[in-house]
Amino acid sequence: MKALVGAMLIDGAGGLPLDDSAVLLDGERIVAAGPRGAVDIPPQAEEIDLTGLTLMPGLIDTHDHLADKNYTLLSRWEIEEPASLAHLKTAKAIENSLAAGYTTIRDAGGLDAGFKQAIAEGLLNGPRLLTAVSIISPTGGIGDRVAPSGHRTAFATDPMRPIGVANGAEAVRSMVREMVRVGADVIKFATTGGASSRQGHGPKDIAFGPDEVKALVDEAAAQGKLTMCHALGGPGLRMCVEAGVGSVEHGCYLADDPDLLKMMADNNTFFTPTWEVYEFHSTISAPHVKARSEALFHTHRDSLHKAVEAGAKITAGTDAGGFVHGDNAREIELMVERGLSPMQAIQTATGWAAECIGLGKEIGTVEKGKQADLLAVAGDPLKSVSVLRDKEAIKLVMKGGVAYVDKLPTKAPVAV
């Protein structure tokens, strides 16, 4: 057994921070957590002194794209380098994310199930992974990658990453089953265009019809999978919320339809605003993408505030904004810049995030029975969440009770 003692504890559930805490671990599980004086630490337990540090749950990114490198056409079409090199770069991104304190990541498309298997087999150190494999959208939707010349994307022949284009309710059901067959943990689909989609298919332009969306959500539920929907605004946004999607990704124009936020709160539908990707798009993307990102900013921020007022739960997903894998905590920082308190921003990447991805009973908070996914940092993220981006401040990262980062002072040997 191990006892982590002396830290200020942030539990991930929004409770008051606890000074001079103790968290007792037995293997991969937390068996007790609370004030040091209230936790019975067995004499044989190894005590790890975290005095002066902040201890909190391992961080969770609910919307990443670990296999993506940048927005150039050569990169997005996977033709700028050998596949083996691209896979090794993805593996490095996965390792960097764990080293940054991210013990769980839900990948929203582009990552095949093999990386999850590599982590399980000990070939790669990485977060607990959930993957959507590929996004499902109709012809002309954001998942239908066709060049102006009419050529399709180069990875169309990879059987482990199906091109998720489907039209009609039955074809959509079949595509859900195919995603499950190749190892998808969550079903990702799109009901609108986006900031970065082709001209003529923008944030409020619809993709799919109500019958297709209902068929998709129903089939995912039948397969035991949660759903996440790329939807920015307009009729497509309403469609996915009314169909009972698990989480709304982006949701930039939710403030235009505040009744949807009440519906989301009542149905426990999560909102993942993905601030980091719009920060990226508003600076260096193509002109039409930059213009869209700038145009949606104020309504997007209002959507966040109204979601909190309505009681909808927010989660932190980077959408690979800027493609700096390992700097995922910029999303938490942006949550504060957009109006959340530091504690709320931390919840978006801990307790609420765990609920969103269906692992709320296993991770996301520091409490008895949960997996020992823990992060210790030098500094107080309640005073400045920016400390979570500081690699030097990260002193301990544990996943399932195993320390993958340990920069704690080494104990001097006891003289005998």
Side-chain angles (χ1 to χ4, degrees), residues 62-63 106 108 135 137 141-142 186 188-197 201-208 210 213-214 216-217 226-282 289 291-319 321 331-332 334-341 344-345 347-349 352-353 355-357:
T62 62
H63 185 139
R106 181 172 72 171
I135 186 169
S137 70
I142 66 169
V186 60
K188 165 92 175 287
F189 67 106
T191 56
T192 74
S196 65
S197 55
H201 188 54
K204 295 185 179 182
D205 293 323
I206 197 168
F208 282 137
V213 173
K214 184 179 186 305
L216 188 151
V217 173
L226 294 175
T227 50
M228 56 190 301
C229 183
H230 166 109
L232 277 69
L237 175 59
R238 176 170 293 277
M239 193 185 303
C240 79
V241 174
E242 291 180 344
V245 69
S247 63
V248 172
E249 310 299 305
H250 316 303
C252 309
Y253 290 99
L254 277 166
D256 289 346
D257 295 289
D259 65 305
L260 293 181
L261 290 165
K262 176 64 165 58
M263 196 181 304
M264 290 169 65
D266 290 345
N267 295 335
N268 207 32
T269 301
F270 293 83
F271 173 28
T272 309
T274 65
W275 296 111
E276 195 169 352
V277 78
Y278 294 110
E279 180 180 61
F280 174 82
H281 284 323
S282 65
V289 175
R292 287 172 176 173
S293 299
E294 292 173 345
L296 61 77
F297 175 79
H298 293 292
T299 307
H300 197 187
R301 185 182 57 192
D302 290 346
S303 297
L304 176 69
H305 296 169
K306 290 182 178 180
V308 172
E309 291 169 7
K313 294 175 183 176
I314 318 298
T315 77
T318 58
D319 197 12
E331 186 70 18
I332 303 173
L334 283 167
M335 291 284 188
V336 174
E337 291 180 16
R338 302 297 184 262
L340 295 191
S341 70
Q344 288 173 320
Q347 281 183 273
T348 70
W352 289 338
E355 290 181 50
C356 173
I357 63 176

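Considering all non-hydrogen atoms of both residues, A108 and M228 come closest at CB-CE, 3.7 Å. Scanning all heavy atoms of the two residues, the minimum distance from G233 to T192 falls at O-CG2, 3.4 Å. Nearest heavy-atom pair, F270 versus W352, reported as atom, atom and distance to 0.1 Å: CE2-O, 3.5 Å. The shortest non-hydrogen separation linking I142 to G193 is CG2-CA, 4.0 Å. Taking each heavy atom of A231 and T191 in turn, the nearest pair found is CB-OG1, 3.4 Å.
Side-chain contact between V217 and F189 is present, with at least one heavy-atom pair separated by less than 4.5 Å. For the pair H230 and S197, the minimum side-chain heavy-atom distance is 4.5 Å or more. The closest side-chain heavy-atom distance from K214 to F208 is not below 4.5 Å. Within the 4.5 Å cutoff, the side chain of L334 has heavy atoms near those of the E337 side chain. Here the side chains of P203 and Y253 are in contact, with some heavy-atom distance below 4.5 Å. With a 4.5 Å cut-off on side-chain heavy atoms, V277 and H63 do not count as touching. Side-chain contact between R106 and C356: present, with at least one pair of heavy atoms (C-beta onward) separated by less than 4.5 Å. Using a 4.5 Å heavy-atom threshold, the side chains of I314 and Q344 count as separate.
From L304, atom CG reaches atom CG of L340 across 4.5 Å, with rounding to the nearest 0.5 Å. Of the inter-residue distances, the one linking S303 atom OG with D257 atom CG reads 9.0 Å to the nearest 0.5 angstrom. Interatomic distance, CE of M264 versus CG of L261, reported as 6.0 Å (0.5 Å rounding). Atom CG of L254 is separated from atom CZ of F271 by 5.0 Å, given to the nearest 0.5 angstrom. Taken from CE in M335 to CD in Q347, the straight-line distance is 11.5 Å, to the nearest 0.5 Å. Here CE of M263 is found 9.0 Å from OG1 of T269. Values are rounded to the nearest 0.5 Å.
Ion pairing between a basic and an acidic side chain is recognised when a charged N comes within 4.0 Å of a carboxylate O; D256 and R238 show no such pairing.
The side-chain hydrogen bond (donor to acceptor under 3.5 Å, both in side chains) check on K313 picks up E355, with sequence neighbours excluded. Residues forming a side-chain hydrogen bond (donor to acceptor under 3.5 Å, both in side chains) with T315 (at least two apart in sequence, or on another chain): T62, T272. Partners of T274 under the side-chain hydrogen bond (donor to acceptor under 3.5 Å, both in side chains) rule, at least two apart in sequence or in another chain, are H250.
Panel note: side chain H300, backbone A255; no donor-acceptor pair is recorded below 3.5 Å. Side chain of H281 to main chain of S196: no donor-acceptor pair is present (N/O by atom type, distance under 3.5 Å, no hydrogens or angles). The backbone N or O of W275 sits less than 3.5 Å from a side-chain atom of E331, completing a donor-acceptor pair. Between the T227 side chain and the G246 main chain, a donor and an acceptor come within less than 3.5 Å of each other.
Of the candidates L296, T299, L237, L232 forms a side chain to side chain contact (heavy atoms under 4.5 Å, CB included) with just one, namely L296.
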Tell me, with the steps shown, if R292 and Y278 meet side chain to side chain contact (heavy atoms under 4.5 Å, CB included).
-> CA-CA 9 Å; R292 287 172 176 173; Y278 294 110; over 6 Å; no
